[in-house]
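Step one of this worksheet: look at the structure below.
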Amino acid sequence: QVQLVESGGGLVQPGGSLRLSCAASGNIGSLDAMGWYRQAPGKQRELVAIIRSGGSTTYGDSVKGRFTISRDNVKNWVYLQMNRLKPEDTAVYYCNAPYRGYFYWGQGTQVTISS
């Protein structure tokens with residue numbers, strides 16, 4: 001079992017920055033991939049970013065050049081630095097990690113971009 005606990009969501013003005021954190025815990029060793037997804041009202045959940053244990057990353061097209069994902073492989077923490085935020089970034093952001101054939105999700109944290 002993997003438990004994912006997120007923090008860092010909130011309200012920020014357009015053009016601002018926000019940093020999300022996710023801590024994974026449980027009877028586990030090192031995780032392979034970890035990632036962030038988001039879901040806006042009335043829309044499908046979409047990929048934001050993925051980072052693998054070797055450091056390779058994948059970003060959704062809408063956030064490339066603005067968001068950066070990073071991780072601590074030993075502690076199983078993953079972060080999402082979000083810069084130059086836009087109203088379109090408003091969504092619930094979810095931490096994700098696959099482990100032993102299962103996809104685990106955090107509870108989600110609300111990010112609202114508004115002036």
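We're numbering straight along the sequence, starting at 1. What you see is a predicted model; the values in this text were computed from it and never measured.
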Do Y93 and R38 have side-chain atoms, one donor and one acceptor, less than 3.5 Å apart? yes

No-hydrogen, no-angle side-chain donor-acceptor test under 3.5 Å, R66 and S17: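 No, S17 and R66 have no side-chain donor paired with an acceptor closer than 3.5 Å.
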
Count the heavy atoms of every other residue, nucleotide or ligand shown that sit under 6.0 Å from CZ of F103, and state whether that count exceeds 12.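 Yes, the 6.0 Å shell around CZ holds more than 12 heavy atoms from other groups.
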
Donor-acceptor pair, Y102 side chain versus A97 backbone, under 3.5 Å?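 Side chain of Y102 to backbone of A97: no pair is present.
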
Checking N96 side chain against G35 main chain: does a donor-acceptor pair fall under 3.5 Å?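 Checking the backbone N and O of G35 against the side chain of N96, no donor-acceptor pair under 3.5 Å is found.
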
Heavy atoms, side chains only, cut-off 4.5 Å: are [X] and [Y] in contact?
{"X": "N76", "Y": "R71", "result": "yes"}
{"X": "R52", "Y": "T58", "result": "yes"}
{"X": "I69", "Y": "I50", "result": "no"}
{"X": "T90", "Y": "E88", "result": "no"}
{"X": "S70", "Y": "R19", "result": "yes"}
{"X": "F67", "Y": "N83", "result": "no"}

Test side chain to side chain contact (heavy atoms under 4.5 Å, CB included) applied to C95 and W77, W36, Y37, Y79, the passing residue: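 The passing option is W36.
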
Answer yes when D61 and K64 have at least one side-chain N-carboxylate O distance shorter than 4.0 Å, and no when they do not.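 Answer for the salt bridge query: yes.
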
Who else is in the cluster with L11 when I, L, V, M, F, W and Y are joined by side-chain contacts under 4.5 Å?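 Besides L11, the cluster holds no residue at all.
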
Can you measure from CE (M34) to OG (S53) and round to the nearest 0.5 angstrom?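 Here the interatomic distance stands at 11.5 Å.
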
Tell me which pairs pass side chain to side chain donor-acceptor pair (under 3.5 Å) where either residue lies in residues 104-115, with sequence neighbours left out. Q110-T112

